[in-house]
Amino acid sequence: MTYSGEVKVGGPADVHELKDLMITKIAVGPMNNNAYVLRCRATDEQLLIDAANDAHALLGTIGEDGVASVVTTHRHGDHWQALAEVVAATGARTYAGREDAPGIPVATDVLVDDGDVIRVGQVALTARHLVGHTPGSIALVYDDPHGHPHVFTGDCLFPGGVGNTHKDPEAFASLIQDVETKIFDVLPDETWVYPGHGDDTTLGAERPHLPEWHARGW
């Protein structure tokens, strides 16, 4: 089956099969959050991005192999509702951006800074600190050696724009600058974008609209 990234709460997960990594996307909770289970194909180690909601569904997606790590992309409550239960069930290490960790009511084992590498088995993910939606939001970049990059953007980049900056001009300026310099300026158009809510996109689909985003201020 071809991966589309189109998932619905209560519906089946969608699986993106890469040579070294399997990415399983599932939608959970009343705010239609996306959670992503990443499995290293060489070691079967797994990592979860955003234990957002519905621990039962997330643990079912994780399966009996468990999960070694859980990365929380930012401190907003809809992204960590199931974190405590998932960690209790699996003993997973927790990761979050240094500036957002104090706002997450589950202890963060590893504080993440810009450029840090988080590993799942033999696969390396590079954290990019994106300031504006929250002070400590992080995106994770997988530079696939066999193809194009993949980036998990949390609530910092969606189809059609950057994340909500609550009509704060300084926050918007910060976020769009970080997204441009750390994502668009260094990754190719083929880069696949996995956001915190809704459908996936690519940088190539969004790049032509950057001037519009600047002009509208959100």
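Values in this document were obtained by computation on a predicted structure and should not be read as measured data. Residue numbers count from 1 along this sequence.
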From CA spacing to verdict: salt bridge (Lys or Arg N to Asp or Glu O under 4.0 Å), Glu45, Arg119: CA-CA 10 Å; Glu45 183 174 302; Arg119 297 189 180 276; over 6 Å; no
Any chain of hydrophobic side-chain contacts (each under 4.5 Å) joining Leu111 to Ile138? no
Any donor-acceptor N/O pair, Arg41 side chain to Leu18 backbone, under 3.5 Å: yes
Ignoring hydrogens and angles, state whether a donor on the side chain of His16 or Asp200 is under 3.5 Å from an acceptor on the partner side chain. no
Parallel, tilted or perpendicular, judged at 30° and 60°: which one describes the rings of Tyr3 and Tyr194? tilted
Hey, can you tell me if His76 and His74 have their rings parallel, tilted or perpendicular (30° and 60° cut-offs)? perpendicular
Output yes when Asp14 and Lys25 qualify as a salt bridge under the 4.0 Å nitrogen-oxygen rule, no when they do not. no
Decide whether Val87 and Ile62 are clustered together by the hydrophobic rule: side chain heavy atoms of Ile, Leu, Val, Met, Phe, Trp, Tyr closer than 4.5 Å, transitively. yes
Is there a path of hydrophobic side-chain contacts, each under 4.5 Å between heavy atoms, that joins Leu21 and Trp192? yes
Member of Val151, Thr191, Val120, Asp20 meeting the side chain to side chain contact (heavy atoms under 4.5 Å, CB included) criterion with Tyr142: Asp20
So, applying side chain to side chain donor-acceptor pair (under 3.5 Å) with His79, which one of Asp155, Thr72, Asp100, Asn53 is it? Asp155
Answer yes or no: are there more than 12 heavy-atom neighbours, outside His214 itself, under 6.0 Å from its atom NE2? yes
Hey, does Val70 have a side-chain heavy atom less than 4.5 Å from the side chain of Leu83? yes
If you link I, L, V, M, F, W and Y whenever their side-chain heavy atoms are under 4.5 Å apart, who else ends up in the same group as Val9? none
Using side chain to side chain contact (heavy atoms under 4.5 Å, CB included) as the criterion, point out the one residue from Thr126, Val112, Val110 that pairs with Ile118. Val112
Between Leu187 and Leu140, is there a shared hydrophobic cluster once you connect ILVMFWY residues whose side-chain heavy atoms come closer than 4.5 Å? no
